[in-house]
Amino acid sequence: MEGTVRVRFAPSPTGLLHIGGLRTALYNYLFAKGHPGGVFVLRIEDTDQSRYVEEAEEDIVNSLVWAGMNFDEGPGKPGGFGPYRQSERKDMYEQYAEQLVEQGHAYYAFDTTDELDKMRERLKKSGNPSPKYDAITRMSMKNSLTLPQEEVERRLEEGEEYVIRLKVPRRETIRFEDEIRGFVSFESKGLDDQVLLKSDGMPTYHLANVVDDHLMEITHVIRGEEWLSSAPKHILMYEYFGWEPPKMAHLPLIMSPSGGKLSKRKAESEGIPINTKDYIEQKFEPEALVNFLAYLGWSPGDDSEIHSLDELTEMFSLDRVSKGGAVFDYKKLIWYNEHYLREKSAEELFPKIRTVAEEHGIKPDKGYMMKIIPLMKERVSKVEDFITQGMFFFEDPEEYEDRAVKKWKDDSADLLEAYIDEIKDLEVDDFEAGILKDKIKKVIEAHDVGFGKLMMPLRVAVSGMGYGPDLTPTIELLGKKTTIRRIKTAIDKLG
RNA sequence: GCCGCGUUCGUCUAGGGGUUUAGGACGCCGCCCUUUCACGGCGGUAACACGGGUUCAAAUCCCGUACGCGGUACCA
């Protein structure tokens with residue numbers, strides 16, 4: 001690859017950044033950073049004023065930063081190709097659109113929305129299921145190709161609303177090479193005369209995209225497959241402008257488990273968080289999401305599964321991106337999250353856990369929490385599990401799980417009474433896991449029963465649950481007073 | 001409908017003419033470890049959409065069919 005690689009992530013700020021968008025950003029980032037001096041640009045495509053959402057840009061930036069993908073150029077990060085918000089580049093687009101008109105590759109159109117609707121309706125009725133404003137229909141519409149020149153000038157001068165449309169040739173085959181799919185070709189007759197400049201003076205995606213990618217010297221356009229069908233229009237525009245088109249790569253879509261593009265509605269009904277913000281709020285490990293997303297539609301070709309963002313950067317290549325859509329497997333994400341959780345130290349985990357604890361109305365003492373973390377770490381899927389499954393470290397169980405209660409047998413109360421007798425006089429220093437375990441042994445030997453006979457009821461009494469971390473270290477942490485109180489309560493409640 | 005793009009275990013994928021009894025991972029199941037639950041270790045389950053070619057040989061190349069997905073806006 002000659003020259004410096006420059007890629008862009010170009011979301012439109014119409015809402016929170018969704019997970020598919022984050023993956024597109026990731027592939028762009030990996031590709032850029034995998035090349036020496038590669039530049040990752042963030043460009044905000046805010047050309048649709050009706051769908052603009054104020055907080056969206058901030059959310060996009062936050063999401064990228066959270067995931068560890070810092071952009072080299074973008075809003076607030078000038079790099080000589082700004083501004084990086086299309087709304088701030090508005091004037092340039094008009095100029096380029098006019099240029100195309102002058103060259104005869106575009107034209108003014110004065111049709112109202114109403115007239116367009118009527119045209120489509122008419123064509124539909126006469127058996128055309130997908131009416132287009134194309135080489136044929138444009139001749140019966142109101143535009144600078146059909147109206148006398150004086151009238152066009154008059155309308156323009158009088159400030160009548162107009163759009164500029166691309167004059168797509170009648171029959172031409174447009175062929176280009178996609179980095180992932182190889183050569184693809186389209187017939188121009190299937191394309192319509194795309195609006196380039198809207199009546200509010202803003203460019204459409206197609207114009208802005210082509211102009212900016214060229215002006216920003218983007219070398220590789222890496223975007224979702226939903227753009228593949230409009231790529232030929234873009235190719236046509238590059239040709240008319242006399243610009244060399246960037247290389248293009250259309251990524252397979254992320255699919256919902258029930259099929260179809262992973263949309264907000266589908267994701268939510270299938271229990272999959274859709275916005276990056278949701279993952280941030282649910283305290284997913286960013287490394288886990290990144291790792292998972294990288295492998296959703298790409299693989300390095302070996303048997304490895306676990307890689308950091310930096311490692312992925314080294315391994316990534318477009319030709320290893322798969323062509324088919326990839327179903328979002330939430331369980332695999334959880335597996336990744338568990339993996340990264342286990343890799344982290346208590347010290348690293350503490351700040352997040354503290355936040356979750358506070359959300360649950362608990363103010364954890366750090367020293368205490370640091371002892372709980374190693375006990376819980378091997379069995380949590382998400383950070384919040386430290387608290388939700390470890391609530392008994394902070395308060396007495398209010399009720400006992402059904403599953404746990406089943407382990408309470410007729411002799412449980414007697415065994416627990418005996419255990420209380422064993423531990424009640426223990427000095428503070430002796431209230432320690434090893435000794436506590438010895439005491440359990442002593443009781444079961446005296447009663448001639450198995451370990452579980454005491455262990456199970458004890459666990460239920462202390463935690464209210466039928467499973468959990470190592471019991472005696474847990475009891476050690478809880479302390480003598482709490483332990484004995486909980487055992488007595490359990491005997492009262494469960495007999 | 002039309003145009004385009006796809007199709008290997010349930011899911012993510014490796015494999016791109018002979019190396020394949022099609023490999024790995026998640027999930028699921030079992031065993032071991034642990035006198036809990038997990039972690040971990042070991043093992044198992046399970047796939048080349050279909051039909052025609054080409055070839056000595058096809059999951060791999062070609063053509064059809066089916067199915068899926070995307071696009072078909074003054075949205076991106």
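Throughout, protein chains are lettered first and strands after them, A, B, ... in sequence-line order, and every chain is numbered starting at 1.
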**Study point:** A:Lys437 side chain near B:U35 phosphate (N/O to OP1/OP2, under 4.0 Å)
**Key:** yes

Point to revise | Pair assignment for B:C3, Watson-Crick or G-U wobble, requiring both distances under 3.5 Å | key: B:G70

Review point. How do A:Glu226 and A:Pro11 order along RNA chain B: which one's closest nucleotide is nearer the 5' end?
Key: A:Glu226

Point to revise | Quiz item: A:Ser199 side-chain donor-acceptor pair to B:C74 base, under 3.5 Å | key: yes

**Study point:** Exercise: do A:Asp212 and A:Tyr84 side chains pair donor with acceptor under 3.5 Å
**Key:** no

Practice item. Validate the cation-pi geometry between A:Arg165 and A:Tyr133: distance from NZ or CZ to the six-membered ring centre under 6.0 Å, angle to the ring axis within 45°. Key: yes

**Study point:** Whichever of A:Gly182 and A:Ser322 has its nearest RNA chain B nucleotide further upstream toward 5'
**Key:** A:Gly182

Review point. Across the strands shown, which category fits A:Met255 at heavy-atom distances under 4.0 angstrom: base, sugar-phosphate, nothing?
Key: sugar-phosphate

Exercise for review: Indicate whether any N or O donor in one side chain lies under 3.5 Å from an N or O acceptor in the other, for A:Thr112 and A:Asp114.
Suggested key: no

Practice item. Side chain of A:Leu296 only, please: which of B:C12, B:A76, B:G24 is the nearest? Key: B:C12

Check your understanding: Within this structure, what is the CD1-to-C1' distance between A:Ile334 and B:C28, rounded to whole angstrom?
Key -> 17 Å

Exercise for review: Could you check whether A:Gly224 gets within reach of a base, just the sugar-phosphate, or nothing at all, counting any heavy atom under 4.0 Å?
Suggested key: nothing

Practice item. Over 60° means perpendicular and under 30° means parallel, so classify the ring planes of A:Trp227 and A:His206, tilted if in between. Key: perpendicular

Review point. Which nucleotide, in any strand shown, forms a Watson-Crick or G-U wobble pair with B:U35, with both distances under 3.5 Å?
Key: none

Check your understanding: Could you state the CZ-P distance from A:Phe328 to B:U13, rounded to the nearest angstrom?
Key -> 13 Å

Exercise for review: Tell me, with the steps shown, if A:Lys344 and A:Glu285 meet salt bridge (charged side-chain N to carboxylate O under 4.0 Å, His left out).
Suggested key: CA-CA 10 Å; A:Lys344 293 188 177 181; A:Glu285 303 307 305; 2.5 Å; yes

Check your understanding: For RNA chain B, which residues in residues 267-276 of chain A have a heavy atom at a distance below 4.0 Å?
Key -> none

Check your understanding: Reckon A:Arg23 has a side-chain N or O less than 4.0 Å from the OP1 or OP2 of B:C12?
Key -> no

Review point. On the ring face of A:Phe316, is A:Arg320 found with NZ or CZ under 6.0 Å from the centre and within 45° of the axis?
Key: no

Practice item. Return the value, rounded to whole Å, for the distance between atom CG of A:Leu228 and atom P of B:C5. Key: 7 Å

Exercise for review: Indicate, with a heavy-atom threshold strictly under 4.0 Å, whether A:Met455 touches base, sugar-phosphate, or nothing.
Suggested key: nothing

**Study point:** Sugar-phosphate only, base, or nothing, as touched by A:Ser304 at under 4.0 Å among non-hydrogen atoms
**Key:** nothing

Review point. What is the base-pairing partner of B:G18, counting Watson-Crick and G-U wobble geometry with both distances under 3.5 Å?
Key: B:C56

Review point. What does A:Val327 touch in the nucleic acid at a heavy-atom separation under 4.0 angstrom: a base, only the sugar-phosphate, or nothing?
Key: sugar-phosphate

Point to revise | Donor-acceptor pair, side chain of A:Tyr27 and main chain of A:Ala294, under 3.5 angstrom | key: yes

Practice item. Kindly say if A:Lys261 contacts the phosphate of B:G71, meaning a side-chain N or O under 4.0 Å from OP1 or OP2. Key: yes

Exercise for review: Please work out if A:Asp111 contacts a base, only the sugar-phosphate, or nothing of the nucleic acid, heavy-atom cut-off 4.0 Å.
Suggested key: base

Check your understanding: Between B:C39, B:C75, B:C37, which nucleotide gets closest to the side-chain atoms of A:Glu378?
Key -> B:C39

Check your understanding: Judged by atom type as modelled, is there a donor-acceptor pair below 3.5 Å linking the side chain of A:Thr204 to the main-chain atoms of A:Val195?
Key -> yes

Point to revise | A:Glu55/A:Lys277 under salt bridge (charged side-chain N to carboxylate O under 4.0 Å, His left out): CA gap, chis, key distance, verdict | key: CA-CA 12 Å; A:Glu55 316 74 47; A:Lys277 191 179 188 183; over 6 Å; no

Practice item. Give A:Arg181 one of three labels, base, sugar-phosphate or nothing, depending on what nucleic acid heavy atoms sit under 4.0 Å from its own. Key: sugar-phosphate

Exercise for review: Mind checking A:Asn128 for me? I need base, sugar-phosphate or nothing, with any heavy atom below 4.0 Å counting as a touch.
Suggested key: nothing

Practice item. Answer with base, sugar-phosphate or nothing: what part of the nucleic acid does A:Tyr205 contact at a heavy-atom distance below 4.0 Å? Key: base

Check your understanding: Just checking A:Gly450: base, sugar-phosphate only, or nothing, at a heavy-atom cut-off of under 4.0 Å?
Key -> nothing

Revision key, fill the gap. Paired to B:G10 by Watson-Crick or G-U wobble criteria (both distances under 3.5 Å) is B:C26

Exercise for review: Between B:U13, B:G6, B:G27, spot the one nearest the side chain of A:Lys323, thanks.
Suggested key: B:G6

Check your understanding: What does B:C50 pair with, Watson-Crick or G-U, if both distances are under 3.5 Å?
Key -> B:G64

Review point. Just how far, in rounded Å, is C1' of B:U7 from CD1 of A:Ile180?
Key: 17 Å

Exercise for review: Rounded to the nearest angstrom, tell me the gap between atom NZ in A:Lys198 and atom C1' in B:A73.
Suggested key: 10 Å

**Study point:** Nearest listed nucleotide, side chain of A:Arg120, among B:A73, B:U36, B:G71
**Key:** B:A73

Review point. How is A:Arg320 classified with respect to the nucleic acid when contacts are heavy atoms under 4.0 Å: base, sugar-phosphate, or nothing?
Key: sugar-phosphate

